[in-house]
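Since the structure comes first, as structure tokens, the remarks are kept for the end.
Reminder, nothing fancy here: chain letters follow the sequence lines and each chain counts from 1.
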Amino acid sequence: MQRALSVTREAFPDWYQAVVREADLAEASPVRGCMVIKPWGYGVWERIQQVLDRRIKETGHENAYFPLFIPLSFFAKEAEHVAGFAKEMAVVTHHRLKMIDGKLQPDPEAKLEEPLIVRPTSETIIGDAFSRWVKSHRDLPVLINQWANIVRWEMRTRLFLRTAEFLWQEGHTAHATGEEAREETMKMLQVYREFSEGTLAMPVIAGEKSANERFPGAVATYSIEAMMQDGKALQAGTSHYLGQHFAEAQNIRFQNDAGELQFCHTTSWGVSTRLIGGVIMTHGDDDGLRLPPACAPQQIVIVPMLRDKPEDAALLEYCDVLAKALREKIAFGEPLRVLLDKKAQKSAEKRWNWVRRGAPLIVEVGGRDMAGGTVTYMRRDVLRDGDKVKSHNAPREQFAAEAAGLLVEIQNALFAEAKARLASNIRTDITSFDGLVEYFKGDEDGFKGWVKASWARPEGAELETIDEKLKGLKLTLRNAPLDQPAAHGPCIFTGRPGVEEILIARAY
RNA sequence: CGGGGCGUAGCGCAGUCUGGUAGCGCAUCUGCUUUGGGAGCAGAGGGUCGGAGGUUCGAAUCCUCUCGCCCCGACCA
């Protein structure tokens, strides 16, 4: 059978790369670990930005922008923070180039007095601003978000999933009380969960990270974890309660209503272009990408079957009427995004390109459709019936009337499919480390789901030891889901009474 | 940074062992035919074989160095 991709999901890493390339999402750049995000890929990011930005503002936050460069000394103020990021920072040391011996190089006489770090995250420089902005309890809370690029000099990179430079939003807030800051942390985690499930159709499990997986400098880190089609977990978003650590390091203080000086409690939270990798690995199939309509740059692509003949004009007019009618319809609270693909390419070629790119509805209109007043369309989520491509025929006006409903149906179907995969691949019957070994041993490449088990929440050296043992099975602790049962069995690692359930999985 | 694999046309690959002046499929361009579905035929364009140096009359091929990509490990919100 002829597929739109040359590889299948059996070779998952190869397949992933093929989708990124064939769906026109991104490509590698001349700079190691950095990517060029192409219009179709960036279009998905713009959808993420638009929908999430609205949610961030609805929850009371304002956007602002802080510098790309952070003075080196800012990082030295929070010990854990600097320790966590020191190994992956890009450093700017000069401000001028000079031709020396025929070679263009940094001018030794233009060395910066203090090196500048290209931000790997902005807690420190935003905290510095907060320390000036906050004087009184009347200034609180401060609720700020920034859309930005950041740089982390990663050892090993993968397009979208882990790149040296990536795009994200980072929320930073300061509060009078720990209770309020914790509420904020949880509120944004919920925003991420709803966004991931509602817009990306990517079901997630929200929970708290174990101590060893905490953000450097945080009191508590929460994440949403999604299950990819190879069974691996993808951390799709994080939210941190930073306590007073950063406030103390950067002197973010306020006078309370009794006139006493107190340190603020701060939070930070973010999602990144990694989400696009999550969408690919959640919904992609052997014909390429499948985009949930809510995050598709174009939801309906109309491909006229042009024949380079005079009657093409009438066909284009026929398609244009359809496009205009569709654009007046609403789905997910917005007008439908419709593209009439008039490019001078062979129609069949265009169709398969849109299949690979994952356009949710692909409409093909030919002369006979026009004569009969109909259109032919394909749903990308259920492209094939067996091996054959499944196309539908409907009167043009009927299709225009039903398209918005179809898009919602596709969105729901993709979510249901992913949700079923997540729900049926979390094992809860493994209660011992030997059981873990048994389940995860051998067949390195085969599908392995997640394990949810009780544990005693060990810390320190004991946790280190457990982490090492898990590493031997290529496993990591993902999070302790927020939804917990009333009672717990014995700890899967220590045998002591369990205090919560934790997810154990292979991860990206 | 350690182990393994790989860099040859936009994509997928052969050629490398055994040195002789670069090829296949798809894509692209032109023409004719075709026209309800990834069309057929004929022709064409496109590669300093990742880069640098070396050996040689001659290097995609052998040697040295180097850069990048992929997998595993280390590392990693």
Identify whether any heavy atom of [X] sits under 4.0 Å from a base atom; if not, whether one sits that close to sugar-phosphate; answer base, sugar-phosphate or nothing.
X	result
A:Gly217	nothing
A:Ala4	base
A:Pro216	sugar-phosphate
A:Arg156	base
A:Leu234	nothing
A:Thr157	sugar-phosphate
A:Gly367	base
A:Thr376	base
A:Lys471	sugar-phosphate
A:Arg274	nothing

Please measure how far the [atom1] atom in [N] lies from the corresponding atom in [M], and state the result in whole Å.
N	M	atom1	answer
B:rU8	B:rA59	C1'	14 Å
B:rG45	B:rG50	C1'	24 Å
B:rC65	B:rG20	C1'	27 Å
B:rA9	B:rG19	C1'	23 Å
B:rA60	B:rG23	C1'	12 Å
B:rC6	B:rC62	P	12 Å
B:rU64	B:rU28	C1'	39 Å
B:rG38	B:rC11	C1'	16 Å

Any [X] side-chain N or O less than 4.0 Å from OP1/OP2 of [N]:
X	N	answer
A:Lys309	B:rU35	no
A:Arg307	B:rU34	no
A:Lys87	B:rA74	no
A:Arg3	B:rG38	no
A:Arg21	B:rG12	yes
A:Lys346	B:rA39	yes
A:Arg32	B:rC69	yes

Which nucleotide, in any strand shown, forms a Watson-Crick or G-U wobble pair with [N], with both distances under 3.5 Å?
N	value
B:rC6	B:rG68
B:rG37	none
B:rG12	B:rC24
B:rA59	none
B:rG47	none
B:rC76	none

request  = Find out whether A:Val118 and A:Glu165 are in side-chain contact, i.e. whether some heavy atom of one side chain is under 4.5 Å from a heavy atom of the other.
outcome  = no
message = Are the side chains of A:Met186 and A:Gln190 in contact, using a 4.5 Å heavy-atom criterion?
response = no
Rounded to whole Å, how long is the line connecting atom [atom1] of [X] with atom [atom2] of [N]?
X	N	atom1	atom2	result
A:Gln17	B:rC11	CD	C1'	13 Å
A:Leu159	B:rC70	CG	C1'	11 Å
A:Glu311	B:rU35	CD	P	13 Å
A:Leu161	B:rC75	CG	C1'	16 Å

message = Among A:Gln169, A:His61, A:Glu170, exactly one meets side chain to side chain donor-acceptor pair (under 3.5 Å) together with A:Asn145. Which residue is that?
response = A:Gln169
query = Would you say the side chains of A:Glu10 and A:Thr8 form a donor-acceptor pair under 3.5 Å?
reply = no
Between [options], which one does the side chain of [X] approach most closely?
X	options	answer
A:Glu364	B:rG37, B:rA74, B:rC76	B:rG37
A:Met155	B:rG37, B:rG38, B:rC75	B:rC75
A:Asp369	B:rU28, B:rG37, B:rC69	B:rG37

ask   = When you measure from the centre of the six-membered ring of A:Phe433, is the NZ or CZ of A:Lys469 under 6.0 Å away and within 45° of the axis?
value = yes
ask   = Taking the nucleotide of RNA chain B with the closest heavy atom to each, which residue, A:Asn212 or A:Arg351, is nearer the 5' end?
value = A:Arg351
note = Of A:Val31 and A:Phe215, the one whose closest nucleotide on RNA chain B sits nearer the 5' end is A:Val31
message = Here's a test for you: under salt bridge (charged side-chain N to carboxylate O under 4.0 Å, His left out), which of A:Lys87, A:Arg32, A:Arg162 qualifies with A:Glu154?
response = A:Arg162
message = Would you call the rings of A:Tyr377 and A:His392 parallel, tilted or perpendicular, taking 30° and 60° as the class edges?
response = parallel
query = So, A:Glu197 and A:Arg193, do they make that salt bridge, N to O below 4.0 Å?
reply = yes
